[in-house]
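This report refers to the structure that appears directly beneath it.
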Number of protein chains: 2
Amino acid sequence: MTIAKKTARLTVVGAGPGDPDLITLKGVKALRSADIVLYDALANEALLEHVPVHVPRVFVGKRRGHKPLDQDGINRLLVDSARQYGHVVRLKGGDPFVFGRGYEEMDYARRQGIGVDYVPGISSAIAVPGLAGVPVSCRGYSRSFWVMTATNSDGSLSSEVAQAAQNEATVVLLMGLAHIEAIVALFEAAGKSDLPVAVLYHGSRPDAHSVFGTVKDIVQKAQTYTPGMAGIIVLGEVAALGRQLTADGVMSSVLG
Amino acid sequence: MTIAKKTARLTVVGAGPGDPDLITLKGVKALRSADIVLYDALANEALLEHVPVHVPRVFVGKRRGHKPLDQDGINRLLVDSARQYGHVVRLKGGDPFVFGRGYEEMDYARRQGIGVDYVPGISSAIAVPGLAGVPVSCRGYSRSFWVMTATNSDGSLSSEVAQAAQNEATVVLLMGLAHIEAIVALFEAAGKSDLPVAVLYHGSRPDAHSVFGTVKDIVQKAQTYTPGMAGIIVLGEVAALGRQLTADGVMSSVLG
């Protein structure tokens with residue numbers, strides 16, 4: 001009797017913004033059918049409870065004191081794991097296609113002849129503001145939203161922030177805390193001193209908290225940035241709405 | 001013996017883009033704990049299988065041949081239902097805060113003294129492109145994405161489409177099919193005739209399909225618009241990637 005070799009395949013799964021209940025049913029099904037799971041630091045480790053006990057799980061993110069795998073190393077590990085084990089589930093925070101490098105991993109695997117699949121995740125760009133009571137769009141306040149990483153790969157401020165300051169969209173900035181003074185200066189220069197701003201720290205983790213203000217006072221109100229601090233900055237009329245919805249403490253999801 | 005009156009409360013839940021497995025675990029838990037469910041046409045009715053059998057479910061969307069409730073009517077029904085039944089779950093397609101009027105409903109209920117909560121959903125604006133192999137962001141192709149409804153409430157083309165044509169962001173247009181000729185004209189005028197475009201019909205429904213082209217040929221390639229046709233238009237370098245990832249038929253999620 002021979003054991004049929006499992007088909008090598010890759011499913012890239014979005015884990016959502018941190019709360020382990022914010023993964024999809026389809027994501028849970030993928031984890032249950034995994035032959036090996038590769039996950040990064042952004043995904044909540046409680047999600048691994050969906051993985052059958054005997055299935056190997058491999059941490060491939062950044063952890064203090066350890067040299068992380070580079071993207072080429074992760075790509076090769078994904079393909080090698082698929083060939084050795086069968087169904088690789090690659091668990092990534094948020095949605096794999098929102099600044100998640102999910103496409104690069106799928107494309108690499110596809111070129112190596114591995115079948116690929118994508119399971120969307122709840123994007124922090126929409127849900128983290130939402131959980132703080134800030135809708136990225138709202139009739140009468142905002143007709144569009146523009147999501148960007150504020151920081152280029154070399155650490156400098158993205159030129160698109162200046163473009164966004166000239167437009168009407170709600171602007172959602174990921175990785176912007178280190179540049180918050182330069183960011184508000186661009187909005188000041190565009191005549192938007194009184195535009196509402198929300199700074200949302202630590203996503204949907206238990207220590208999540210929000211600071212609300214305007215372009216002219218948010219730097220003074222926000223915490224001093226320390227390297228590694230996670231946060232999302234929302235600039236737009238909708239940013240003022242969060243304070244209202246959470247004012248009475250009625251929005252329990254904000255508290256976890 | 002008296003029966004304790006249930007606490008009136010409202011949870012607005014995102015149902016995701018159509019595939020009933022793309023709701024979150026938290027959304028399922030909300031449906032299981034509902035005393036009444038109000039849902040619209042965008043949510044897949046298979047999701048109602050999570051609702052306990054004895055719990056009333058009320059359709060409040062638009063259906064041919066019936067006059068729909070207006071927003072004020074829905075707001076009042078939400079509050080009345082909470083007071084009469086207890087926990088109202090309001091199920092909405094996609095994410096409630098992405099052009100979903102979720103904030104308006106929560107704000108109305110809050111002002112009436114009803115506790116409110118939000119459960120994020122998978123937004124069609126990110127997941128529908130993703131399921132067609134188009135990542136809204138991708139290193140080397142796009143550093144940001146800008147999501148908007150192309151059509152104003154009076155049926156005219158949004159002025160923000162012209163603004164977006166002048167910038168570098170991936171542009172994701174909801175409700176744009178009726179205006180596709182005017183939209184590509186704005187991108188042509190911005191010197192972007194060769195910019196890739198994807199038109200994604202019918203979200204993650206079983207009859208979903210995609211058309212790929214460029215600003216100069218997409219109108220000829222796309223289907224003739226008929227009123228009520230649902231579709232998302234993506235303009236940006238990333239739009240060309242979908243054709244690659246799905247070329248070998250390896251991405252099974254595209255097929256359902």
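Residue numbers start from 1 in every chain, and the chains themselves are labelled A, B, ... in the order their sequence lines are given, proteins ahead of strands.
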Contact class of [X] relative to chain A, heavy atoms under 4.5 angstrom:
X        : result
B:Val172 : neither
B:Tyr103 : side chain
B:Pro129 : neither
B:Arg111 : side chain

Dump the intermediate steps for side chain to side chain contact (heavy atoms under 4.5 Å, CB included) on B:Ile23 and B:Leu31, then the final yes or no. CA-CA 11 Å; B:Ile23 192 170; B:Leu31 288 171; 3.9 Å; yes
Which class fits the ring pair B:Tyr118 and B:Phe97: parallel under 30°, tilted 30 to 60°, perpendicular over 60°?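 The rings of B:Tyr118 and B:Phe97 lie parallel, inter-plane angle below 30°.
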Toward chain B, the part of [X] with a non-hydrogen atom under 4.5 Å:
X        : answer
A:Asp95  : side chain
A:Val171 : neither
A:Pro20  : backbone
A:Thr11  : neither
A:Arg101 : side chain

What option among [options] has the most heavy-atom pairs under 4.5 Å with chain B?
options                               : result
A:Gly102, A:Gly14, A:Pro135, A:Ala125 : A:Pro135
A:Thr24, A:Leu174, A:Val28            : A:Thr24
A:Gly140, A:Ser144, A:Gly27           : A:Ser144

Give the member of [options] that has the highest number of heavy-atom pairs under 4.5 Å with chain A.
options                                : answer
B:Pro120, B:Cys138, B:Ala127           : B:Pro120
B:Val98, B:Val136, B:Thr149            : B:Val98
B:Met148, B:Glu104, B:Glu160           : B:Glu160
B:Asn152, B:Ile126, B:Val238, B:Thr170 : B:Ile126

Report yes or no: does B:His179 contribute a side-chain atom to a donor-acceptor pair with the main-chain N or O of B:Thr151 at less than 3.5 Å?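 Checking the backbone N and O of B:Thr151 against the side chain of B:His179, no donor-acceptor pair under 3.5 Å is found.
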Between the main-chain N or O of A:Ala165 and the side-chain N or O of A:Lys192, is there a donor-acceptor pair closer than 3.5 Å?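 Yes; judged by distance alone, with no hydrogens or angles, the pair exists.
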Exercise: identify the closest heavy-atom pair between [X] and [Y]:
X        : Y        : value
B:Phe187 : B:Leu195 : CD2-CD2, 3.9 Å
A:Ala169 : A:Trp146 : CB-CB, 4.0 Å
B:Leu10  : B:Met106 : CD2-CA, 4.2 Å
A:Leu22  : A:Pro17  : CD1-CG, 3.8 Å
B:Tyr39  : B:Glu45  : CE1-OE2, 3.7 Å

Working note: A:Val60 + A:Arg90, criterion side chain to side chain contact (heavy atoms under 4.5 Å, CB included); need CA distance, chi angles, decisive distance, verdict. CA-CA 10 Å; A:Val60 295; A:Arg90 174 72 171 109; 3.6 Å; yes
